[in-house]
*Asks:* 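Take a look at the following structure, please.
Letters A, B, ... are given to chains in the order of the sequence lines, protein chains preceding strands, and every chain is numbered from 1.
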Amino acid sequence: MNWFYFSSPSTFYGLAGRLAPWLFALAAVTAAWGLYLGLLVAPTDAQQGEVYRVIFIHVPTAWMSMFLYFVMACYCGLTLVFNTRLSAMMARAIAPTGALFTAVALWTGSFWGKPTWGTYWVWDARLTSELVLLFLYFGFIALSNAFEDPRRGDRAAALLAIIGVVNLPIIYFSVQWWNTLHQGSSVSFKGTSMHVTMLTGMLVMSFSAWFYAAGAALVRVRSIILERERRAHWVRELKEG
Amino acid sequence: MSAPSRGTYSGGFAWAMARDLRLAWRHPDEIILTLAFFALVASLFPLGIGAEPQLLARIGPGVIWVGALLAAFLALPGIFATDFIDGSLEQMTLSPHPPLGWAAGKIAAHWIISGLPLTLMSPLIGLQYGLTGDTLLVEALSLALGTPILSLLGGACAALALGARGGGMLLALLALPLFVPVLIFGAGAAEAQATGLAPTPHLSLLAAALIAALVGVPAAVVAAVRISVD
Amino acid sequence: MSAPSRGTYSGGFAWAMARDLRLAWRHPDEIILTLAFFALVASLFPLGIGAEPQLLARIGPGVIWVGALLAAFLALPGIFATDFIDGSLEQMTLSPHPPLGWAAGKIAAHWIISGLPLTLMSPLIGLQYGLTGDTLLVEALSLALGTPILSLLGGACAALALGARGGGMLLALLALPLFVPVLIFGAGAAEAQATGLAPTPHLSLLAAALIAALVGVPAAVVAAVRISVD
Amino acid sequence: MYWSSWDAFWAMGGHAFFVWMSFGALFLALAVELVLLRVRRNRALGDIEEERELEAEN
Amino acid sequence: MTEGRAALEVRDIACRRGPALLFSKLDFDVFPGELLCVRGPNGCGKTTLLRCVTGLTRPDAGRITWLGQSVPEDPARFRGDIAYGGHLPGLKDDLTTEENLEFSLRLRDVAVDRDAIARALAAVGLEKRRRLPARRLSAGQRRRIGLARLALDPALLWILDEPLTALDDAGQAHFVELLDRHLARGGLALVATHHNLLPPSGKVRELRIAG
Amino acid sequence: MTEGRAALEVRDIACRRGPALLFSKLDFDVFPGELLCVRGPNGCGKTTLLRCVTGLTRPDAGRITWLGQSVPEDPARFRGDIAYGGHLPGLKDDLTTEENLEFSLRLRDVAVDRDAIARALAAVGLEKRRRLPARRLSAGQRRRIGLARLALDPALLWILDEPLTALDDAGQAHFVELLDRHLARGGLALVATHHNLLPPSGKVRELRIAG
Ligand code: HEM
Ligand SMILES: Nc1ncnc2c1ncn2[C@@H]1O[C@H](COP(=O)(O)OP(=O)(O)OP(=O)(O)O)[C@@H](O)[C@H]1O
Ligand SMILES: Nc1ncnc2c1ncn2[C@@H]1O[C@H](COP(=O)(O)OP(=O)(O)OP(=O)(O)O)[C@@H](O)[C@H]1O
Ligand SMILES: [Mg+2]
Ligand SMILES: [Mg+2]
């Protein structure tokens, strides 16, 4: 596959338009399957009772919040090093969805915390660093839109995103580094301590979140391309045809 | 006509230090203002939450750190924003001195003007909160290690926000989340000491972070300034 | 040539409101930034102090008030400073509209942009600190009464600090001590409620202070602007 | 199927509030995002139209 | 209108800055239909003089009379009659060209309709930049907003500091035309400038401040 | 010095701002001893062009060569050779006239002694304002600090935006004299201005940007 061919906004616009519906369809199918497993099939948790079912959205969204930030930072690296236009647009397209997943992870975590820990919020390292992640997303969005010249916003925000990557290991390892209320990793390479249905449900939901995020980012990047390339020839012809 | 200068790192560093310190010295009241702000924030708390001695001693280290952090934050526009508005930053980027030199010089000057006086003043505030001997010392030490990190990170954010709309608030959104880890370890050190634990793990983490920031951040600042003058 | 206009109070008020709200609306993200700053400051404390629920519920009202106060403070330069720098303030003082009108309009716009959203947002932060039902309500009420006072007093200080060196810090030194009484009564109200006492004395004191400020401060602002443009 | 009845399902063992607030928030958020995506796309297309008119004007 | 007698009378005005006495015992009148050019080398005090007349700066001594009435007695009336353009433009970078013009006229309590604004902007060549935030404008385009404002403001007395700065030849010609029309209608102008201003039909006098 | 061939070569430079194409496919050379005046109506893109040449703004297309070497290859060398004066003065209001001049020269890595500074300030008529903070200076006096800087900076290429703004006749004559000396020494100048610049001994060419 010729990457350079697709790294031009005009060709990528078409590619994204063709991919997005498929991604959304896959997201819907996997979501239906995952919710079926999680809500209808999986047995209850011995300690927590039924609240634990929040796990089927809490963990996928929490993972996604970090993963999307990582992907966004990679695009930002491309922006700074190669000065490519498309990578900056992709980073901008990912940020709102990343912020959304972060907010949902925080929200679901809080509503899980109330019955299990007895409080909506504690200031422990995991929760706090996740909150910082939300602010980093906000900062990225605000900074990228704070300039008259979008190219300048791209580069400034890219630098911020890269500086903020430091936060990712802090979120991930906070449960090990500090003594936290939040529970540690139960999914690891050594095997897991979970019921198989639960695990499958969680993984299926994670794939669903991934498909959704990819679809949403591609749809958004199409709008961004149109906004930016408003004056380009191919955009003009696009509408006329 | 003489051969053109190519500039030097040290030349840029010395230039920026000398100029920014001269500017600060022209109005020494600004340093006093930084300190006054610090003292004010620190005294707002007892007013806001009541003044039971145990409670105060308990929250003392944290409040001092938050106060120092906010004071350092408020001084941030002095690093680049004023130079951006009056056109000095343009002249700096067109200078033959490499940007790494003068950017580092400006950050160092910022620390001398804001972080250093805050550190020196912290024991006084600590006494007001009923902190004692060793805790005061650890608090000051943590500030001495932590405030340069604040200046460095803050400098990078200030450079990024140049020319952006949203001014102080945008800067807050960028800088404060990055300050958070520094705050946690800094306040943690004094608190550990106060509760009888060893503060060394926190302090060595701060020291490590300082070294990392010293190595990494100036380059980021230069990149940010480049983006901003464009 | 037509008869010269002598201007009106309402004309000046409407002009200033419309303009400043238009400017704010041009960048709605700035209001969001104010809120983000509020949330950030409120989150700094648990990080610095530690996160025991009782302690947090105890200091919650105070922290929320301090956060609101600092956020309102950071928005102060928007009232007069930017207009001073670009020459708009000169034009305003030379306008036929009497200064009392537009000065009041600018302060009202400032409150709508900063104080109002803070008030609306405060219950969310309160929840994070574990405050409950009635306390949240009283806290919001105290902010609704208190933040306009902050805007008024802050406006007067911002006008005084115009053109003075030291910028933000000087403003802090002027404004924050004036804010202190507001803080005490504001935080006191929610705290009284939390500890089972009646919040009404605090709230009625705040209301009285608000009325006094509404009557007295705008004239002071006008005097301060006159001094600054000279 | 794990549940004995739909009522039991909706009750979630007494934790209905917490579970459904979580799931509800997620789906609400996704719905809002999808709407915003649509709005943004329409606005982008509208802007292009406007631009073209402006250009025709000049 | 009080034709024949001076509308603006300035008597015995003096201003010192630090150790330097910029001017003192300065007397001058401006009559309807007349342009008074304030001239002198850099730093002689032209800007300071204009600001003293408007009331922005307090002179060390002096009396100013407007239409026969001492200004401090009724400053609001005087303010209603003057249009001041100083070194600072008074534009908001975030508002568009159009909005800037509209708000500056409303501040002067001048009733404006959108058409008049559009026409005035077209006359200074900004019709295509109507919707552009002022920060994007070039130095000369920013100044041209000021010209459009003068064209729409019925103020009797113009007090302008270096009005020709940054304007190209067409812009300068446009300003002279506006000025000429203003004077022909019986307006007054007090202008500090280093350029030569020769409105064809107006009376011009010079006030020289020694360096 | 590479006499005879162009020291500054600009090829095929283009810049668009929003929907407007300011200029494109612009080619020009500047030879040692030559002044290139950039001219055109307000808003045509003179400032933008100068900023593109210095590297402060990124053009949409174009190559710039300095003394036979592409600028992006060795930007430090180019920066060492140019003295830029833009719309913004780059003065610190809180530093004195003298300090401002001294720091701006040190930033250009020009070795300065106090006497030379005093003499340059005297030449622009600021000897009595040496110790005054720049915020107190008049518009023209601030500009004159820039003239003093040009007199002391050995930079080969001057890039100046509206250098005559706010200067009185004596100030303008002084600038022309400085420019003439610079050109006579083999210096180059790229100047955007609405004034007529006629340095007696230098070669002058014009670059016109359409409006
Ligand atoms: C607002 C509060 C919360 C936040 C911000 C939060 C954040 C996160 C994050 C970022 C992860 C993914 C990181 C990883 O996989 O190690 C995660 C995973 C997880 N969270 Fe939370 N969480 C919150 C509350 C809770 C609560 C209350 C519970 C349950 C009592 C919980 C249980 C879990 C579990 C079981 C995982 C999966 C861990 C694994 O298997 O790897 N979380 N959370
Ligand atoms: N504190 C002070 N001490 C000495 N001189 C001062 C002080 N403050 C201001 N000045 C001088 O007062 C004068 C103010 O001049 P003003 O700005 O009115 O000049 P101007 O005629 O408008 O000049 P330009 O043509 O340059 O605009 C300047 O010469 C300035 O140096
Ligand atoms: N986003 C934008 N959309 C449309 N036009 C723009 C935009 N940004 C800048 N411009 C235009 O670009 C031009 C920039 O011109 P520049 O400042 O280089 O002009 P100049 O030749 O220096 O003018 P002057 O003689 O007034 O100093 C202006 O005409 C401005 O209106
Ligand atoms: Mg002047
Ligand atoms: Mg220009």
*Asks:* Using the salt bridge (Lys or Arg N to Asp or Glu O under 4.0 Å) criterion, which residues pair with E:Arg205? Sequence neighbours excluded.
*Replies:* E:Glu34
*Asks:* Measure across E:Asp109 and C:Pro96 and return the closest heavy-atom pair with its distance rounded to 0.1 Å.
*Replies:* CB-CG, 4.1 Å
*Asks:* Let me know if E:Thr48 has heavy atoms under 4.5 Å from chain C in its side chain, its backbone, both or neither.
*Replies:* neither
*Asks:* If we count only N and O atoms by modelled type, under 3.5 Å, do the side chains of C:Trp15 and C:Ser95 hold a donor and an acceptor together?
*Replies:* no
*Asks:* Against chain E, label C:Ile85 side chain, backbone, both or neither, depending on which of its atoms sit under 4.5 Å from a heavy atom there.
*Replies:* backbone
*Asks:* Checking E:Leu91 against chain C: side chain, backbone, both or neither under 4.5 Å from a heavy atom?
*Replies:* backbone
*Asks:* In terms of heavy-atom proximity below 4.5 Å to chain C, should E:Asp74 be classed as side chain, backbone, both, or neither?
*Replies:* side chain
*Asks:* So what's closer than 4.5 Å to chain E heavy atoms on C:Ala18: side chain, backbone, both or neither?
*Replies:* both
*Asks:* Considering residues at least two apart in sequence or located in another chain, which fulfil the ring-ring contact (aromatic ring centres under 6.0 Å, His included) criterion with E:His87?
*Replies:* none
*Asks:* Identify the residue among E:His195, E:His194, E:Arg143, E:Lys46 that makes a side-chain hydrogen bond (donor to acceptor under 3.5 Å, both in side chains) with E:Glu162.
*Replies:* E:His194
